[in-house]
Protein chains: 2
Amino acid sequence: MLKLYDLAGADPAHRFSPFCWRARMAIAHKGLAVETLPWRFTETDRLVFSGQGKVPVLVDGDSFVADSWAIAHWLEDNWPERPSLFGGAGGRAAACFVNQWADTVLNPAILPMVILDIHDRLRPVDQAYFRRSREQRFGRRLEDIQSGREQRLGAFRDLLQPVRATLARQPFLGGDAMAYPDYIVFGSLQWARVSTPFELLADDDPVAAWRDRLLDAHGGLARAVRCPPR
Amino acid sequence: MLKLYDLAGADPAHRFSPFCWRARMAIAHKGLAVETLPWRFTETDRLVFSGQGKVPVLVDGDSFVADSWAIAHWLEDNWPERPSLFGGAGGRAAACFVNQWADTVLNPAILPMVILDIHDRLRPVDQAYFRRSREQRFGRRLEDIQSGREQRLGAFRDLLQPVRATLARQPFLGGDAMAYPDYIVFGSLQWARVSTPFELLADDDPVAAWRDRLLDAHGGLARAVRCPPR
């Protein structure tokens, strides 16, 4: 069985990494069984075998692969007879743009709206690491980074316009059925959903309806995770 | 031979529509011959046959197809044996996101930086239409919309980050070879390139190097258009 090192909070059932959610949804899309191993920010010793210090890391027997994008390619290449994540070479190439948009635009917009709430659900030792590293990166206190998120919500929702416009033309980012481009963007929204009671999407946003379909997918895998009450 | 109604300025050789450039590059990608018919904003009577008033409109015998996205699908479906624009169903679906990103993020960022320069290269009758319709949309004079573009250039270049990050992972948005996702984004940059002497890209930007490869493509089709001197 596959094993996936999966970022966790103080509660080992709190799994919140957007990149790990991409990998979990991709593994489920392929219909593969996986054991997810909760891993915390400061447990770098447990990842020494992988040559780096971040999750997701997928382990299959004696092989391992780190990085959500590399994991998606590895799944597609090693289980070509299972449902495709990319729908061909062109899909793989164009999904790279979706991936880069999520990494450079979407995630940087979400992080300042959830960063303190993420911190609050970590173990004390991980809180100390998280606060130190993130405050150094932003040059501000976590409290100040997250403050005022209500005022930033409109701009955040505008930023989702390419997703919304795509979903006006087709039911999924992957076309008629969900595929890896969906899991990329979903991972980011799931990161927020499980980390904070602060709702990023308006009820009547088609992106929320699409997210609901993703939450229902693969036996409700992503809906099963406990969320802060809204 | 195919015919394409192609947006033109006062000089019939000045072809500047981002959407028409998508179509022209897609037709060239398929290796098809096309006669481009210069069309101006106010010549709606010439498009009555198409049921609407915008270009590009592609005519093939008794058939016609309007809208760049529909044209790309039509080319792919009618010439499946020619080089693929999308690289499969997954590519077609994921290219929709690139298309929507260009339409909702990239083009709206470019337009205010080139809008007066676009106006200045139109016939007087088209200038009057263009000024009236665009000033109504923006609620400001063309001069005021374009003013201060030097200060907006940094934010514009930041906005290209998903393109830049994708090109750091693969030579083209379409993967190892150029494809429709490249033509989508290229069309927008070509729109600016032929409309204004104001250069949007830094010389050392990998996006500029990629644009150069697109300008060289298909016999230098896009490079052959006269540009304002820089």
Side-chain angles (χ1 to χ4, degrees), chain A residues 29 67-70 72-73 76 80 83-109 155 157-186 206-207 210, chain B residues 29 67-70 72-73 76 80 83-109 155 157-186 206-207 210:
Chain A
H29 184 96
D67 178 84
S68 60
W69 183 243
H73 283 243
E76 188 79 340
S84 176
L85 287 166
F86 294 114
R92 204 183 280 235
C96 186
F97 181 85
V98 181
N99 206 65
Q100 296 302 331
W101 177 79
D103 288 359
T104 66
V105 177
L106 183 59
N107 289 351
R157 291 174 177 176
D158 286 349
L159 183 150
L160 288 172
Q161 191 51 33
V163 178
R164 204 172 284 123
T166 302
L167 296 174
R169 285 182 173 259
Q170 56 194 35
F172 294 99
L173 301 183
D176 292 333
M178 65 183 70
Y180 198 68
D182 296 277
Y183 304 141
I184 293 167
V185 177
F186 174 77
V207 179
W210 163 85
Chain B
H29 185 96
D67 177 85
S68 60
W69 184 244
H73 283 243
E76 188 79 339
S84 175
L85 287 165
F86 294 113
R92 204 183 281 234
C96 187
F97 181 85
V98 181
N99 205 65
Q100 296 302 331
W101 176 80
D103 288 0
T104 65
V105 177
L106 184 59
N107 290 351
R157 291 175 177 175
D158 285 348
L159 184 151
L160 288 172
Q161 191 52 31
V163 178
R164 204 171 285 122
T166 303
L167 295 174
R169 284 183 175 259
Q170 54 194 38
F172 294 99
L173 301 183
D176 291 333
M178 64 183 70
Y180 198 66
D182 296 277
Y183 304 140
I184 294 168
V185 177
F186 174 76
V207 179
W210 163 84

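Note that the structure is predicted; figures quoted are calculated from it, not measured. Lettering of chains follows the sequences in order, A, B, ..., and the numbering in each one begins at 1.
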* Which of A:Gly174, A:Pro162, A:Gly87 touches chain B most, by non-hydrogen pairs under 4.5 Å ->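 Answer, by heavy-atom pair count under 4.5 Å with chain B: A:Pro162.
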* Asked: When only pairs under 4.5 Å are counted, which of A:Ala168, A:Gly88, A:Cys96 shares the most heavy-atom pairs with chain B?
  ->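 Winner by heavy-atom pair count: A:Cys96.
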Shorter than 4.5 Å, heavy atoms on both sides: which option in [options] has the most such pairs with chain A?
options: B:Ala94, B:Gly175, B:Ala179; result: B:Ala94
options: B:Asp176, B:Leu85, B:Leu167, B:Leu173; result: B:Leu173
options: B:Asn99, B:Thr104, B:Asp158; result: B:Thr104

* Asked: Hey, are the side chains of B:Arg164 and A:Gln100 touching, using non-hydrogen atoms and a 4.5 Å cut-off?
  ->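 No, their side chains stay 4.5 Å or more apart.
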* Asked: Does a side-chain heavy-atom distance below 4.5 Å link A:Trp101 with B:Gln161?
  ->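 No - every pair of side-chain heavy atoms lies 4.5 Å or more apart.
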* **Spatial distance of atom CD (A:Gln170) from atom CZ (B:Phe97) [nearest 0.5 Å]** =>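 That separation rounds to 11.0 Å.
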